[in-house]
Amino acid sequence: MCIRDRSDFVSLLDVKQIMSLGLVCRSFHRIFSKEYIQLAIRLGNLEAPLRYLFWIQQAPYVNIEKRFRLKLKLSSIFDSVYLKLLENEAAYPELDRIRMSIRKDVCRTYDDPKILKAEWQQKMENILSCLAQVYNEVGYCQGMSFLAGEIIYVVEEEELAFWLFAGIMEKHHLDLLFKNGLPAAHLHMHILSSLLEMHLPALDLHLRKLNSGWSMFTSKLIMTLCSSYIPLELLQFIYDVFFMDGWIGLYKIILSFLGYLQITLCGMDLAGISEFFRGFKNKTTHKEIREILRNAVRIHLRKDAIEKGIDSFFRTEAEKLLKNQPDAVFAEWIKSSGHIIEKHVGLMNCLTAQYNKDIEHFHKKLVLVEAQLVNANGKQIQI
């Protein structure tokens with residue numbers, strides 16, 4: 001194998017080997033160890049025995065547990081928050097409906113025999129119903145079952161899976177992704193679409209010719225965190241990166257994923273693309289995932305490009321609300337969505353006021369010119 005760059009070198013090593021090098025070679029540990037471990041994880045080289053500990057490290061839930069403990073008024077440190085939530089289900093009658101929805105989604109979503117076992121379905125129901133209690137504003141959303149299924153698949157222990165889910169949810173603001181109205185989902189889809197237009201122009205042009213857009217990909221990829229297209233046993237490598245690098249890491253993987261399929265997709269119509277992805281999940285191999293991860297490492301996302309996507313999203317949302325929403329609803333939306341939207345609305349109002357002044361000034365100038373023309377007897381007028 002020809003080693004062209006650092007990622008080629010690290011792809012030959014797994015995380016345990018890099019840690020061993022750090023132990024036996026002081027200079028390697030001081031200069032390269034942490035950086036190379038992170039790169040090895042991004043390349044899919046985290047071994048299964050270490051993944052359990054790595055995910056716990058990436059989902060700090062100690063403070064979350066303290067907050068839940070206060071909310072449930074548990075005085076003893078020996079009282080289990082999770083067991084208390086399971087006991088409290090009788091106080092939440094809507095949890096019966098949530099459990100029914102979870103049961104339906106699991107059967108529709110997964111074809112892995114391990115997850116479809118009654119024992120695993122029960123674990124998912126317990127975890128998601130407990131999360132619905134502590135995140136009342138979120139409740140349950142279908143996309144949550146994808147993340148819960150993968151966490152249980154890897155760690156197996158039910159209570160730990162619950163805390164990992166809660167930790168990741170707060171670390172990467174997944175509550176905004178899953179809550180009513182899906183506010184963060186629309187933002188991430190908008191940013192991702194703008195990045196895809198920039199990085200995959202050939203596929204972008206092809207979709208435009210088909211009178212389609214990136215939403216046919218981005219909605220599923222964002223809401224399911226890639227679970228809709230990647231099988232459970234391979235999805236863990238994607239989540240290693242997402243848990244560590246957050247949304248930037250996931251953007252890169254999605255760009256690499258669609259870039260890997262770009263030539264194939266450009267030769268299909270919409271029906272062909274839909275049929276292709278319908279069976280893609282069962283055909284994906286470990287080798288393909290490794291290639292997608294390797295290409296993702298080489299993608300550079302410019303900070304200004306992402307900021308531009310965020311800026312255009314909020315500007316578009318502000319324009320919609322100014323046009324369609326009553327003042328009271330609009331004020332409440334601003335309050336709940338943060339100061340950034342207010343900034344853009346204020347900018348638009350300033351621009352509108354300036355345009356009105358310009359029009360008024362121009363109108364006065366026209367009146368003055370007309371008066372001068374009448375009195376000038378054909379003399380040249382300077383405007």
Side-chain angles (χ1 to χ4, degrees), residues 48 51-52 54-56 58-61 64-65 68 80-83 85-86 88-89 92 94-180 182 184-185 220-243 246-247 250 281:
R51 178 168 288 108
Y52 184 98
F54 176 72
W55 282 18
I56 293 174
Q58 295 303 313
Y61 54 82
I64 302 172
E65 183 180 7
F68 291 175
S80 169
V81 172
Y82 185 65
L83 292 179
L85 288 170
L86 288 176
N88 276 358
E89 286 197 4
Y92 295 87
E94 66 273 16
L95 287 180
D96 289 336
R97 176 184 56 81
I98 288 175
R99 281 187 175 272
M100 190 176 298
S101 299
I102 295 168
R103 208 169 294 129
K104 288 179 181 177
D105 289 341
V106 171
C107 293
R108 281 198 303 253
T109 303
Y110 295 108
D111 53 7
D112 190 290
K114 185 176 180 180
I115 289 292
L116 289 176
K117 288 180 180 178
E119 174 193 355
W120 291 87
Q121 290 194 38
Q122 187 63 48
K123 287 182 179 181
M124 289 183 67
E125 289 179 32
N126 291 342
I127 291 169
L128 293 170
S129 62
C130 288
L131 286 165
Q133 292 182 58
V134 291
Y135 295 102
N136 308 97
E137 71 283 3
V138 177
Y140 169 71
C141 175
Q142 184 179 0
M144 296 171 71
S145 63
F146 289 95
L147 179 57
E150 183 62 27
I151 292 176
I152 294 171
Y153 184 86
V154 171
V155 303
E156 298 190 5
E157 187 182 335
E158 184 180 320
E159 186 169 355
L160 177 60
F162 167 79
W163 289 115
L164 284 178
F165 196 119
I168 292 300
M169 177 176 272
E170 298 213 359
K171 180 181 179 181
H172 298 304
H173 308 292
L174 297 184
D175 53 330
L176 297 176
L177 182 73
F178 297 129
K179 73 183 295 185
N180 187 35
L182 312 176
K220 274 192 172 183
L221 287 165
I222 292 296
M223 286 306 301
T224 68
L225 301 174
C226 296
S227 302
S228 52
Y229 298 137
I230 308 296
L232 274 171
E233 66 272 14
L234 300 178
L235 189 63
Q236 54 195 322
F237 300 106
I238 307 294
Y239 283 3
D240 291 341
V241 180
F242 177 61
F243 291 175
W247 287 101
L250 193 67
K281 185 172 183 176

Novice: When you measure from the side chain of His173 to the backbone of Ala184, do you find a donor-acceptor pair of N or O atoms at a distance under 3.5 Å?
Specialist: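 Judged by distance alone, no pair lies under 3.5 Å.
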Novice: So, does His172 use its side chain to make a donor-acceptor pair with the main chain of Trp247 at under 3.5 Å?
Specialist: no
Novice: So, do Met144 and Val138 sit near enough that their side-chain heavy atoms are less than 4.5 Å apart?
Specialist: yes
Novice: Give every residue pair that meets the salt bridge (Lys or Arg N to Asp or Glu O under 4.0 Å) criterion with at least one member in residues 161-176, sequence neighbours excluded.
Specialist: Arg67-Glu170
Novice: Before giving the answer on side-chain contact (heavy atoms from CB on, under 4.5 Å), spell out for Phe237 and Arg51 the whole-Å C-alpha distance, their side-chain angles and the decisive distance to 0.1 Å.
Specialist: CA-CA 9 Å; Phe237 300 106; Arg51 178 168 288 108; 3.5 Å; yes
Novice: Which residues pass the ring-ring contact (aromatic ring centres under 6.0 Å, His included) test with Tyr140, not counting sequence neighbours?
Specialist: none
Novice: Taking the side chain as everything from C-beta on, heavy atoms only, tell me whether Met223 gets closer than 4.5 Å to Leu182.
Specialist: yes
Novice: Listed by chain and number, what are the salt bridge (Lys or Arg N to Asp or Glu O under 4.0 Å) partners of Glu157, not counting sequence neighbours?
Specialist: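 Result, salt bridge (Lys or Arg N to Asp or Glu O under 4.0 Å) vs Glu157: none returned.
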Novice: Do you know the tightest heavy-atom contact between Ala166 and Ile64?
Specialist: O-CD1, 3.6 Å
Novice: How far does CG of Leu174 sit from SG of Cys141, to the nearest 0.5 angstrom?
Specialist: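 So the CG of Leu174 and the SG of Cys141 are separated by 11.0 Å.
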Novice: Listed by chain and number, what are the side-chain hydrogen bond (donor to acceptor under 3.5 Å, both in side chains) partners of Ser101, not counting sequence neighbours?
Specialist: none
Novice: Give me the atom names and distance for the closest heavy-atom approach of Cys226 to Leu250.
Specialist: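 What the structure gives for the nearest pair is SG-CD1, 3.8 Å.
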Novice: I'd like to check the side-chain contact (heavy atoms from CB on, under 4.5 Å) partners of Asn136; sequence neighbours left out, ordered by chain and number.
Specialist: Lys71, Tyr92
Novice: Can you name the side-chain hydrogen bond (donor to acceptor under 3.5 Å, both in side chains) partners of Glu159, sequence neighbours left out?
Specialist: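 So Glu159 forms a side-chain hydrogen bond (donor to acceptor under 3.5 Å, both in side chains) with Ser80.
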Novice: With heavy-atom distances below 4.5 Å as the criterion, would you say the side chains of Leu225 and Leu235 are in contact?
Specialist: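 No. Closest side-chain heavy atoms not under 4.5 Å.
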Novice: What verdict does the side chain to side chain donor-acceptor pair (under 3.5 Å) test give for Asn126 and Glu158, after you've listed the backbone C-alpha separation in whole Å, the side-chain angles of each residue and the deciding distance to 0.1 Å?
Specialist: CA-CA 8 Å; Asn126 291 342; Glu158 184 180 320; 3.1 Å; yes
Novice: Closest heavy-atom contact between Ala132 and Ile98?
Specialist: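 Heavy-atom minimum between the residues: CB-CD1, 3.7 Å.
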Novice: Can you list everything that forms a ring-ring contact (aromatic ring centres under 6.0 Å, His included) with Phe162? Sequence neighbours excluded, please.
Specialist: Tyr82
Novice: For the CD atom of Gln121 and the CD1 atom of Ile152, what is their distance to the nearest 0.5 Å?
Specialist: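 Spacing of CD (Gln121) from CD1 (Ile152) equals 10.5 Å.
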Novice: Would you say the side chain of Leu131 lies within less than 4.5 Å of the side chain of Leu85, judging by non-hydrogen atoms?
Specialist: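 Result no, sub-4.5 Å side-chain heavy-atom pair not found.
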Novice: Taking only residues two or more places apart in sequence, or in another chain, which ones meet Glu119 in a salt bridge (Lys or Arg N to Asp or Glu O under 4.0 Å)?
Specialist: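 So Glu119 forms a salt bridge (Lys or Arg N to Asp or Glu O under 4.0 Å) with Lys123.
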Novice: What distance separates Arg99 CZ from Leu128 CG, expressed to the nearest 0.5 Å?
Specialist: 9.5 Å
Novice: For the residue pair Ile102 and Ser129, what are the closest heavy atoms and their distance?
Specialist: CD1-N, 4.2 Å
Novice: Residues in ring-ring contact (aromatic ring centres under 6.0 Å, His included) with Tyr61, at least two apart?
Specialist: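 Trp163.
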Novice: Could you measure the distance from the CG atom of Leu160 to the CH2 atom of Trp55? Nearest 0.5 Å is fine.
Specialist: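 CH2 of Trp55 is found 10.5 Å from CG of Leu160.
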Novice: Please examine the side chains of Leu86 and Cys130, heavy atoms only from C-beta on, and report whether any two atoms are closer than 4.5 Å.
Specialist: yes
Novice: When rounded to the nearest 0.5 angstrom, what distance separates CG in Leu234 from NZ in Lys281?
Specialist: 10.5 Å
Novice: With Asp96, which residues qualify under side-chain contact (heavy atoms from CB on, under 4.5 Å), at least two apart?
Specialist: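 None.
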Novice: Measure the CE-CZ distance between Met124 and Phe165 for me, rounded to the nearest 0.5 Å.
Specialist: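 Spacing of CE (Met124) from CZ (Phe165) equals 9.0 Å.
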Novice: As a quick check of understanding, evaluate side chain to side chain donor-acceptor pair (under 3.5 Å) for Asp240 and Gln236, giving each step before the final call.
Specialist: CA-CA 6 Å; Asp240 291 341; Gln236 54 195 322; over 6 Å; no
Novice: Checking Arg103 now: which residues fulfil side-chain hydrogen bond (donor to acceptor under 3.5 Å, both in side chains) with it, not counting sequence neighbours?
Specialist: Glu125
Novice: What pairs with Ala59 under side-chain contact (heavy atoms from CB on, under 4.5 Å), at least two apart in sequence or on another chain?
Specialist: Leu164, Ile168
Novice: Are Glu156 and Trp120 packed together at the side-chain level, in the sense that at least one heavy-atom pair is separated by less than 4.5 angstrom?
Specialist: yes
